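These notes concern the structure reproduced below.
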Amino acid sequence: MEPVSQTCYRHSDRETAVSCSSCGRPICTDCMSPSPVGMRCPECAGKRPGVAGRVAPAVSGPWITYALIALNVAAFLAEMGQGGGTSLSAGGSLINDGGINGPHVASGEWYRLVTGGFLHAGALHIAFNMFALYVLGTMLEPAIGSLRFLGIYMAGLLGGSLGAVLMSPNETTVGASGAIFGLFAATFLIARRRGLEGVASQIGFWLLINLVLTLSVPGISVGGHLGGLAAGAIAGLIVILGERRRHGPGAAAFELLALVALAGGAFVAAVMVA
């Protein structure tokens, strides 16, 4: 397929087949600013027009990613301190008191829908999840900003809690896998939207492998993974829609409110079906 030529939005006499990876506007070579997720226009890159070689970062570093990893690791260390978390089948009082469990949620322990996403059933469990969080977080958070990243993460986490309550209400479920599957889905969709087909293909490949494992390996929360995947996909579409409307009044605020509403809706639905 031939690339479609357009006219640079700042230089109407220059044709280009490249668009800004953030706002989607066509840009010529003089207006391109390289970033980890493709080329950006001067406004999205924070670069002053006409000043070559000076590119300010569009967003901050992946600090939310690091904070989330720290919270998960701290919770796991607390599990170990209470006699859990030493193997894949480990339990412990923190898992018993904070894991997702339908009857307990129904009795008013709503906090489990959140705390369950920060507890893990063993060293291998948290190692896989934190490795995936690091890879996806350091890729996605700098590309879309910390607030949107956190919104996607929490939507995936609570979507996973909803899926766990729906499909295995009487079992105690723990792990950040719902949030991780949410990040997989959102990263795939956003990469495709920005024309990063290589990144999207790699993410899609690993997502497919994880889905096969989810459906074939016993003891894995299918509902938690699929719920997080669905919520992350919706969150990714919200971000994509927000980028298309980025220059409209209140577009950024509407986008964040939509992510909060998605996470809140998953939380309320999980309480209602528990």
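Quick caveat, the model's predicted, so the values are computed rather than measured.
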Cluster overlap Val260 with Trp110, hydrophobic side-chain contacts below 4.5 Å: no
Separation between CZ of Phe254 and CG of Leu256, rounded to the nearest 0.5 Å: 11.0 Å
Nearest atoms (heavy-atom pairs only) where Gly137 meets Pro62: O-CB, 4.1 Å
Any side-chain heavy-atom pair of Asn101 and Glu171 under 4.5 Å: no
Joint cluster assignment, Ile209 & Leu133, ILVMFWY side-chain distance < 4.5 Å: yes
Residue list, ring-ring contact (aromatic ring centres under 6.0 Å, His included) with Tyr111, at least two apart or on another chain: none
Straight-line distance of Leu68 CG to Trp63 CH2, nearest 0.5 Å: 14.0 Å
Minimum heavy-atom distance between Val199 and Ala191, given as atom pair plus value: CG1-CB, 4.0 Å
Distance, nearest 0.5 Å, that separates CD1 of Ile180 from NE2 of His225: 9.5 Å
Spatial distance of atom CE (Met139) from atom CD1 (Ile190) [nearest 0.5 Å]: 11.5 Å
Transitive ILVMFWY side-chain link Ile220 to Phe131, under 4.5 Å: yes
Beyond-backbone contact of Leu147 with Leu259, side-chain heavy atoms, under 4.5 angstrom: no
Backbone N/O of His120 and side chain of Glu79: donor-acceptor pair under 3.5 Å: yes
By side chain to side chain contact (heavy atoms under 4.5 Å, CB included) - contacts of Leu207 (at least two apart): Phe181, Phe184, Leu211, Leu229
Check: Leu150 and Ser146 side chains under 4.5 Å, non-hydrogen atoms: no
Minimum side-chain heavy-atom gap Thr172-Asn96 below 4.5 Å: no
Donor-acceptor under 3.5 Å (Glu141 side chain, Ile64 main chain): yes
Atom CD of Glu109: over 12 foreign heavy atoms under 6.0 Å: yes
Val174 and Phe118, any side-chain heavy atoms less than 4.5 Å apart: no
Ile69-Met80 co-clustered via ILVMFWY side chain contacts under 4.5 Å: yes
Test salt bridge (charged side-chain N to carboxylate O under 4.0 Å, His left out) applied to Arg193 - qualifying residues, sequence neighbours left out: none
Single-linkage hydrophobic cluster Val135~Leu208, side-chain heavy atoms < 4.5 angstrom: no
For the student: nearest non-hydrogen atoms of Ala176 and Met130, plus distance: CB-CE, 4.3 Å
OG on Ser168 to CD1 on Ile100, rounded to 0.5 Å: 8.5 Å
Exam field: side chain Arg112 to backbone Val105, donor-acceptor pair closer than 3.5 Å: no
Any Phe76 side-chain heavy atom under 4.5 Å of Leu71 side chain: no
Working for side-chain contact (heavy atoms from CB on, under 4.5 Å), residues Leu157 and Leu113: CA-CA 8 Å; Leu157 186 150; Leu113 298 172; over 6 Å; no
Minimum side-chain heavy-atom gap Asn72-Asn129 below 4.5 Å: no
Where Ala231 and Gly159 come nearest, the two heavy atoms and their spacing: CB-CA, 3.9 Å
Check: Arg148 side chain, Ile144 main-chain N or O, donor-acceptor pair, under 3.5 Å: yes
Closest heavy-atom pair and its distance - Ala263, Leu158: O-CD1, 3.3 Å
pair Leu166-Leu162: side-chain heavy atoms closer than 4.5 Å: yes
Closest contact, heavy atoms only, Ala186 versus Gly232: CB-O, 3.6 Å
Thr187 OG1 to Ile152 CD1 distance, which is reported to the nearest 0.5 Å: 7.0 Å
